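Beneath this line is the structure, given in structure tokens, with notes to follow.
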Amino acid sequence: MINPKTIRKQPDMVKAKLETRGVDPSEVDEYVTLDQQNRDTLTKVENLKKEKNQLTKKINAADPKSEEGQALIKQVKEMNANIDSMAASQKETADRLHYIAVRLPNLPADDIPVGPDEDSNVEVRKWGDLPEYDFKPKAHWEIGENSDILDFDRAAKVSGARFVYYKNAGAKLERAVYNFMLDLHTEEQGYQEIIPPYLVNSKTMFGTGQFPKFKEDVYTVESTGVTLIPTAEVPLTNYYSNEILDEADLPIYFTALTPCFRSEAGSAGRDTRGLIRMHQFNKVEMVKYSKPEDSYKELEKLTRNATDILERLELPYHVITLSTGDTGFSSAKTYDVEVWMPEQKVYREISSCSNCLDFQARRAMIRYRKEDGSVDYVHTLNGSGLAVGRTVAAILENNQQADGSVRVPKALQPYLRGVEVIK
RNA sequence: GGAGAGUUGGCAGAGUGGUAAUGCACCGGACUCGAAAUCCGGCGAACCGCCUUAUAAGCGGCGCGCAGGUUCAAAUCCUGUACUCUCCUCCA
């Protein structure tokens, strides 16, 4: 959530910034009006309550059964009717205010490109030489099916579209990739390894910003109301919800491998083949809790932690800054890391690294106590490190050879018991 | 799935209708060369509103897991619900 005081004090700035994210300025206007109205009635209600509390104390001091007591009770009863109706109207205003507030996206950072969609994204750096082939490179699903290491048809039979069976060397490759990632994050980059719950409650989904606005993107179990996580960001960031951390403990780094479940509503027809867009996929996630003054520095570091993996796997990539219109709901600034996919000759998103500032911390009530004793919201960051299925796809395509076999990157070979080529 | 117990301030822990004890911790002061001990005082998270340029202070609201209800008045009574623990049942 955006700091309510920021909206109250700088409505024009908020309006202008949110407009770059596609928010209708009239929403902010309505918010400001309701906020004023809410505080006005709240003050009135509180003053009445104050009076009432004083009378109630008098009743207790006198004998409630005495004539004086009875008279006071009558008086308070009359007040109550008044307070109740005023409080009811105040609550109505507050509810509407809340309804708007929880649906406003985060304020974009000052230094990100302004634009309506991904066409305004800006490349910030590029790494690796694009591979050249003396044959026509195949798509990863073709390689996978030919080698009997990926099976989409049977997954469709058993589950539906956008599911896959990994088989044999495919399953082993997936396992090698995520073990490699986790080891790098934990042994070299300072992350604590977590295995979180994969089903979470609605409060948790609210905390990171998926609820209430994006319910249709996830799978919720009807009988109990719990939701299958769309990303490990959800359980990792909410780990400290409703807690006050010590300043000395920050920053905190978490990493986790989890399956991610997404309904992919609205993406019908896109990426219908291959591992790119699945209803269920593995992802290694990184989450950070940081002091406010350090969060942008931590974002740079986080993004490097993700691209490190690609460099060690010898996969060409570039990093882009998402424009205001393309940046996710909770984020103020996002770098996408995109890996080269030779068959389609495009860069595809393989990681998304975001600084959410205090936006999620406000929703999930994650704070820290400074050394001077005061309490403030932490900043939360998250990034994929990396999407495992897409990494496998990138390895298959980038390392394919004319005979249909696939070279295993050196860094990965120890994780495959020294296997150098998948046939 | 069945039965029971519990949830109060940073921690421990009292409070069964009259407006949140007490201890430890913490903060300030006294004593002391200094510290400990002792004594005195303060402080009970967080949140919201008013006041303020802003902060602090001050005033007020809220506040005993959460949400409702009864009542002039609810930690206390009633209903629902979440979580934790114990026992039974079942189970990887």
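Below, chain A is the first sequence line, B the second, and so on; all start at residue 1. Note that the structure is a prediction, hence the values are computed from the model and not measured.
For the pairing with A:D271, the salt bridge (Lys or Arg N to Asp or Glu O under 4.0 Å) check across A:R162, A:R348, A:R390 returns one residue only, A:R348.
If you take CD1 of A:I244 and P of B:G44, they are 15 Å apart, rounded to a whole angstrom. Counting to the nearest Å, the P atom of B:C48 and the NZ atom of A:K91 are 18 Å from each other. Between A:N242 atom CG and B:C66 atom P the separation is 11 Å, expressed in whole Å. Rounded to an integer number of Å, the gap from CG of A:N60 to C1' of B:A20 is 15 Å. Atoms CG (A:D95) and P (B:A67) sit 13 Å apart, rounded to a whole Å. One atom, NZ of A:K44, and another, C1' of B:C48, lie 18 Å apart when rounded to the nearest Å. If you measure from atom CD1 of A:I366 to atom P of B:A46, you get 18 Å, rounded to the nearest angstrom. In this structure, the NZ atom of A:K203 is 11 Å from the C1' atom of B:U81, given to the nearest Å.
Of all nucleotides present, only B:A82 satisfies the Watson-Crick or G-U wobble test against B:U7, with each distance under 3.5 Å. In this structure B:G44 sits in no base pair that meets the Watson-Crick or G-U test at under 3.5 Å. Nucleotide B:C62 forms no Watson-Crick or G-U wobble pair with any nucleotide shown, as no partner meets the under 3.5 Å limit on both distances. Under the Watson-Crick or G-U wobble criterion, with both distances below 3.5 Å, B:G18 is paired with B:C72. Across all strands shown, B:A54 remains unpaired; no Watson-Crick or G-U wobble contact has both distances below 3.5 Å. Of the nucleotides present, B:G2 is the one that pairs with B:C87 by Watson-Crick or G-U wobble criteria, both distances under 3.5 Å. Across all strands shown, B:A30 is found opposite B:U38 as a Watson-Crick or G-U wobble partner, with both distances under 3.5 Å.
For A:R175 and A:Y178, the positive end is not near the middle of the six-membered ring at less than 6.0 Å and at most 45° from its axis. For A:K283 and A:F281, the positive end is not near the middle of the six-membered ring at less than 6.0 Å and at most 45° from its axis.
Summary of the strand contacts: A:N80 and A:K5 both lie near RNA chain B, and taking for each the nucleotide with the nearest heavy atom, the more 5' one is attributed to A:K5. Residues A:R8 and A:R367 each lie close to RNA chain B; by heavy-atom proximity, the contact nearer the 5' end of the strand is made by A:R367.
Residue A:I59 is classed as a base contact, given a heavy-atom separation below 4.0 Å to a base. Among the protein residues, A:T43 comes within range of the sugar-phosphate backbone only, with heavy atoms under 4.0 Å from sugar or phosphate atoms but none that close to a base.
Comparing the P positions of B:C24 and B:U38 gives an interatomic distance of 9 Å, to the nearest angstrom. Of the P atoms belonging to B:G69 and B:A74, the separation is 12 Å, rounded to the nearest Å. Going from the C1' atom of B:G34 to that of B:A45 covers 34 Å, rounded to whole Å. A distance of about 43 Å separates the P atoms of B:G2 and B:U22, rounded to the whole Å. B:C64 and B:A21: their C1' atoms are spaced 14 Å apart (whole Å). Only the P atoms considered, B:A67 is 15 Å distant from B:A82, to the nearest whole Å. Comparing the C1' positions of B:U53 and B:C47 gives an interatomic distance of 24 Å, to the nearest angstrom. The gap from the P atom of B:C83 to that of B:C90 amounts to 24 Å, rounded to the nearest Å.
A:R277 contributes no side-chain N or O that, together with a main-chain N or O of A:T272, makes up a donor-acceptor pair within less than 3.5 Å.
Residues of residues 46-54 of chain A that place a heavy atom closer than 4.0 Å to RNA chain B, in numerical order, are A:E46, A:K49, A:K50, A:K52, A:N53.
For an aromatic pair to be called close, the ring centres must be under 6.0 Å apart, and A:Y289 with A:Y253 fails this. Ring centroid separation for the pair A:Y191 and A:F254 does not come in under the 6.0 Å cut-off.
For the pair A:F211 and A:R363, the minimum side-chain heavy-atom distance is 4.5 Å or more.
Considering only side-chain N and O atoms, A:R39 lies under 4.0 angstrom from the phosphate OP1 or OP2 of B:C50.
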Report task. Quick one: do A:D376 and A:K291 satisfy salt bridge (charged side-chain N to carboxylate O under 4.0 Å, His left out)? Show the steps, please. Result -> CA-CA 9 Å; A:D376 197 7; A:K291 288 192 263 185; over 6 Å; no
Report task. Please lay out, stage by stage, how A:K167 and A:D151 fare under the test salt bridge (charged side-chain N to carboxylate O under 4.0 Å, His left out). Result -> CA-CA 7 Å; A:K167 283 178 77 180; A:D151 190 335; 5.0 Å; no
